[in-house]
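First the structure, in the form of structure tokens, and then the observations on it.
One is the number of the first residue; the rest follow in order along the sequence.
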Amino acid sequence: MLAQYEKLIARGELREDPDQRRAAVRLDQLQKELEADRPGGLLTQLFARKKTRPQGVYMWGGVGRGKSMLMDLFHDQLKIPEKRRAHFHAFMQEVHEEMRIARKSHSGDPIPPVAAKLSENLRVLAFDEMVVTNSADAMIMSRLFTQLIQEQDVTIVTTSNRAPTDLYKDGLNREHFLPFIDLISEELDVVGLNGPTDYRLDRIGDLATWHHPLGDEATDRVREAFFRLTDFDPQDAANVPSGEVAVGPTRTIHVPKTVKGVAVFSFKRLCAEARGAPDYLAIARAYHTVIIVGIPQMGPEKRNEAARFVTLIDALYEHRVKLFATAEVLPDGLYNAGDGSFEFERTASRLNEMRSDEYLALGHGAEH
């Protein structure tokens, strides 16, 4: 794998990046371990002592740092048939379905038979974008992955936008999830990719972030941005997963569409319903990019919606979240007459700044 990574740099397809190289070296080592540990003939298998499963890898870091690219490179270069590459959301949907089937045919704990089925003819399971947004997944993951790793000898390689200790942070019943974090520290090498360059910005190119007036053309532009940023196949648009973000230990917000740290909401869902700063801060912390569709021009009759919108934009701006939007008008015209228009001027200014190249180049996270 490392040789191919260096070829891409030599051809100018990748830039030299110390964090990426460190991760590539670690994945190259894992590739060699897995390829050297190939099952032999019948006699070899009969008399040889069972070999130790290689240590997995957990790559984490901000958006656009090359995690998915390295994962793809590792999987493509790994010359063994017993491998699988999956997006984490899709995998967990499969797990829930297999558990439903197992409960019908087994009277006991469904986790061991599900783990056994998922690990058939599998030595390496590679995930993209491990994230935990709901208590159901959190309750399952610790026991399932313990089975996969320690009982079924599957090596896990995964990427995430979050450090292991920040997974499912502030989530409901998080104490049940803590053994999974311990499992990661024991069974996977944690490699950070937090260099200063957001390579995913190259995918946006010259695509604008604010689109008006409302209509099919504006919708098409933010749709294009979503698929560029997430690598999700546009032909499979009907199957873009939904998600949840934890606001606190007892409450979550439904996210209609979300992949790889990009979340899609309607203005109505975010600002026409009763929400406050904790909701918007939870969204700003959880997602590096937010797409809001259907932002109307507002006046005194929509003062409550406008006030929520101001709070939302403050949270996104302070956490340097990238914003794509469809709206009736440009930011300066969103609320420019009547009671409350003066207070909205700062929000319009922030929205204009959030469209700039300088803002888009900032890494996700609150300013320190």
Side-chain angles (χ1 to χ4, degrees), residues 56-72 84-96 125-145 148 156-174 176-185 188 190-194 198 200 226 229-232 239-249 251-265 279 281-291 316 319 321-322 363-366:
V57 177
Y58 182 105
M59 291 183 288
W60 76 277
V63 60
R65 266 57 184 185
K67 303 183 298 296
S68 296
M69 176 273 296
L70 290 167
M71 175 75 81
D72 288 338
R84 179 182 175 188
R85 171 83 158 80
H87 190 275
F88 190 69
H89 277 300
F91 178 78
M92 290 308 297
Q93 287 175 354
E94 180 182 348
V95 167
H96 285 291
L125 185 53
F127 288 118
D128 206 14
E129 295 300 326
M130 179 179 283
V131 62
V132 189
T133 58
N134 62 74
S135 58
D137 286 353
M139 297 287 282
I140 291 169
M141 286 172 62
S142 178
R143 297 179 57 242
L144 175 68
F145 280 85
L148 288 172
I156 302 295
V157 180
T158 188
T159 71
S160 178
N161 288 338
R162 295 176 176 271
T165 52
D166 287 339
L167 286 170
Y168 198 50
K169 195 170 185 179
D170 301 322
L172 180 65
N173 295 322
R174 190 173 187 258
H176 299 302
F177 184 74
L178 296 178
F180 179 71
I181 296 175
D182 294 337
L183 182 73
I184 290 175
S185 65
L188 281 71
V190 178
V191 181
L193 284 88
N194 278 299
D198 182 348
R200 194 168 289 180
F226 177 85
L229 287 166
T230 61
D231 295 322
F232 202 89
N239 295 314
V240 174
S242 60
E244 292 179 338
V245 59
V247 178
R251 191 161 62 86
T252 62
I253 297 172
H254 177 70
V255 185
K257 301 291 181 184
T258 177
V259 180
K260 288 190 174 182
V262 180
V264 182
F265 296 94
D279 301 78
L281 286 171
I283 291 169
R285 291 177 184 134
Y287 300 103
H288 60 76
T289 301
V290 169
I291 297 174
L316 299 183
H319 285 77
V321 175
K322 295 174 179 60
H364 176 227

For R85 and D72: C-alpha separation, side-chain torsions, deciding distance, then whether salt bridge (Lys or Arg N to Asp or Glu O under 4.0 Å) applies. CA-CA 8 Å; R85 171 83 158 80; D72 288 338; 2.5 Å; yes

Tell me if a side-chain donor or acceptor on R84 pairs with a main-chain N or O of F127 at a distance below 3.5 Å. no

Listed by chain and number, what are the ring-ring contact (aromatic ring centres under 6.0 Å, His included) partners of F180, not counting sequence neighbours? F145, F177

Any side-chain heavy-atom pair of M141 and L183 under 4.5 Å: no

Any side-chain heavy atom of E129 within less than 4.5 Å of one from V131? no

Can you find a heavy atom in the side chain of V262 that is under 4.5 Å from one in the side chain of F232? no

Would you find a donor on one side and an acceptor on the other, under 3.5 Å apart, between the side chain of S160 and the backbone of M130? yes

In this structure, CE of M139 is separated from OH of Y168 (nearest 0.5 Å) by 9.0 Å

Do S242 and H254 have side chains that get closer than 4.5 Å, going by heavy atoms? yes

Can you check whether L193's main-chain N or O pairs, donor with acceptor, with K67's side chain at less than 3.5 Å? no

Residues two or more places apart in sequence or in another chain: which of them pass side chain to side chain contact (heavy atoms under 4.5 Å, CB included) with L188? Y58, I149, I156, T158, I184

Could you walk me through whether R285 and D166 pass the side chain to side chain contact (heavy atoms under 4.5 Å, CB included) check? CA-CA 11 Å; R285 291 177 184 134; D166 287 339; over 6 Å; no

